Amino acid sequence: MVFEMIRGWGEWNWIILGLILMLLEIAVPGASLIWLGISALLVGGIALQTDMPWQIQVLLFAVLALICVYVLRRVLLMREARGDPLQLNSRTGRLYGHVYPLAESIVNGVGRIRVDDTTWGVAGPDLPAGTQVRVTGHDGTLLTVAALDR
């Protein structure tokens, strides 16, 4: 039954499948469906130009999907090796290493900094307001800071 269904797919069904996978990428976190969608679009484009049996199309889709995932993994590993990890979904992670003045003094280890139009709670050594601090980490939404060495 599955083979009959796949056999009945024409070349345009690969393109429709690719577009559906790419649209699903919006709803599903991560970056996995986009690569499967690109692979399906490539198979659809190649199948429109040639007369391929469905088995070859499925095999080509599998190979292209593996190649796309391998390339994505290599790119992510190279970024991580350069010390530039993706921080797409981590607002606090994107603040690491940046320097901000204290909006409020750090008293008893807790204070606040202003980042754009938002203030963030910070933890660090007691310092007066206006002191330049560097974000060194976080614990939940509380940023860890250290006084900027001059």
Side-chain angles (χ1 to χ4, degrees), residues 2 5-6 9-49 52 54 57-150:
V2 173
M5 182 179 76
I6 293 172
W9 289 5
E11 294 79 14
W12 286 102
N13 288 326
W14 282 110
I15 293 171
I16 292 168
L17 175 66
L19 293 174
I20 289 171
L21 288 169
M22 293 176 90
L23 286 174
L24 285 174
E25 181 67 31
I26 296 170
V28 177
S32 55
L33 293 179
I34 190 87
W35 299 106
L36 298 177
I38 290 171
S39 299
L41 288 175
L42 288 172
V43 171
I46 293 170
L48 282 173
Q49 303 298 320
M52 275 193 292
W54 67 269
Q57 292 176 22
V58 171
L59 181 65
L60 182 61
F61 172 73
V63 169
L64 287 174
L66 288 174
I67 290 171
C68 286
V69 170
Y70 176 77
V71 169
L72 170 69
R73 184 166 167 75
R74 294 283 302 171
V75 168
L76 292 177
L77 288 174
M78 285 176 19
R79 285 187 65 139
E80 199 169 305
R82 286 192 319 232
D84 185 23
L86 288 177
Q87 299 289 348
L88 295 176
N89 297 320
S90 174
R91 287 188 69 192
T92 54
R94 286 183 280 169
L95 300 176
Y96 283 18
H98 291 264
V99 175
Y100 301 98
L102 283 173
E104 297 176 13
S105 301
I106 298 179
V107 178
N108 296 326
V110 179
R112 297 196 76 77
I113 61 171
R114 176 168 288 284
V115 178
D116 299 326
D117 60 348
T118 305
T119 61
W120 290 77
V122 296
D126 288 356
L127 296 167
T131 303
Q132 296 286 320
V133 293
R134 181 180 309 276
V135 177
T136 58
H138 72 93
D139 181 18
T141 57
L142 188 65
L143 298 172
T144 306
V145 296
L148 185 64
D149 294 331
R150 295 179 189 245

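This structure is a prediction, so every number in the text was calculated from the model and none was measured. The residues of the chain are indexed from 1 along the displayed sequence.
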Approximate separation, where rounding is to 0.5 Å, of [X] [atom1] and [Y] [atom2]:
| X | Y | atom1 | atom2 | result |
| --- | --- | --- | --- | --- |
| Leu42 | Ile15 | CG | CD1 | 10.0 Å |
| Arg112 | Leu142 | CZ | CG | 9.0 Å |
| Leu36 | Leu66 | CG | CG | 9.5 Å |
| Thr131 | Leu102 | OG1 | CG | 5.5 Å |
| Leu17 | Trp12 | CG | CH2 | 14.5 Å |

With Val28 via side chain to side chain contact (heavy atoms under 4.5 Å, CB included) - residues at least two apart |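 Val28 satisfies side chain to side chain contact (heavy atoms under 4.5 Å, CB included) with Leu33 once adjacent residues are dropped.
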
Side-chain contact test, heavy atoms from C-beta onward, threshold under 4.5 Å: evaluate it for [X] versus [Y] and give yes or no.
| X | Y | value |
| --- | --- | --- |
| Val115 | Val135 | no |
| Glu25 | Leu21 | no |
| Leu95 | Tyr100 | yes |
| Leu72 | Ile34 | no |

Trace of the side chain to side chain contact (heavy atoms under 4.5 Å, CB included) decision for Val133 with Ile113 = CA-CA 9 Å; Val133 293; Ile113 61 171; 3.9 Å; yes

State which residues pass ring-ring contact (aromatic ring centres under 6.0 Å, His included) with Phe61; sequence neighbours excluded, sorted by chain then number.
->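 Phe61: ring-ring contact (aromatic ring centres under 6.0 Å, His included) contacts with Trp14.
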
Minimum heavy-atom distance between [X] and [Y], given as atom pair plus value:
| X | Y | result |
| --- | --- | --- |
| Ala129 | Ser105 | N-OG, 3.0 Å |
| Met52 | Gln57 | O-NE2, 3.0 Å |
| Leu143 | Trp120 | CD1-CB, 3.7 Å |

Ignoring hydrogens and geometry, is there a side-chain-to-backbone donor-acceptor pair from Arg134 to Val99 under 3.5 Å?
->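 Not at all, since once roles are kept as given, no pair shorter than 3.5 Å links the two residues.
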
Apply side chain to side chain contact (heavy atoms under 4.5 Å, CB included) to the pair Ile106 and Val145, showing each step before the final yes or no.
-> CA-CA 10 Å; Ile106 298 179; Val145 296; 3.8 Å; yes

All side chain to side chain donor-acceptor pair (under 3.5 Å) counterparts of Thr144, not counting sequence neighbours =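 Thr144 satisfies side chain to side chain donor-acceptor pair (under 3.5 Å) with no other residue.
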
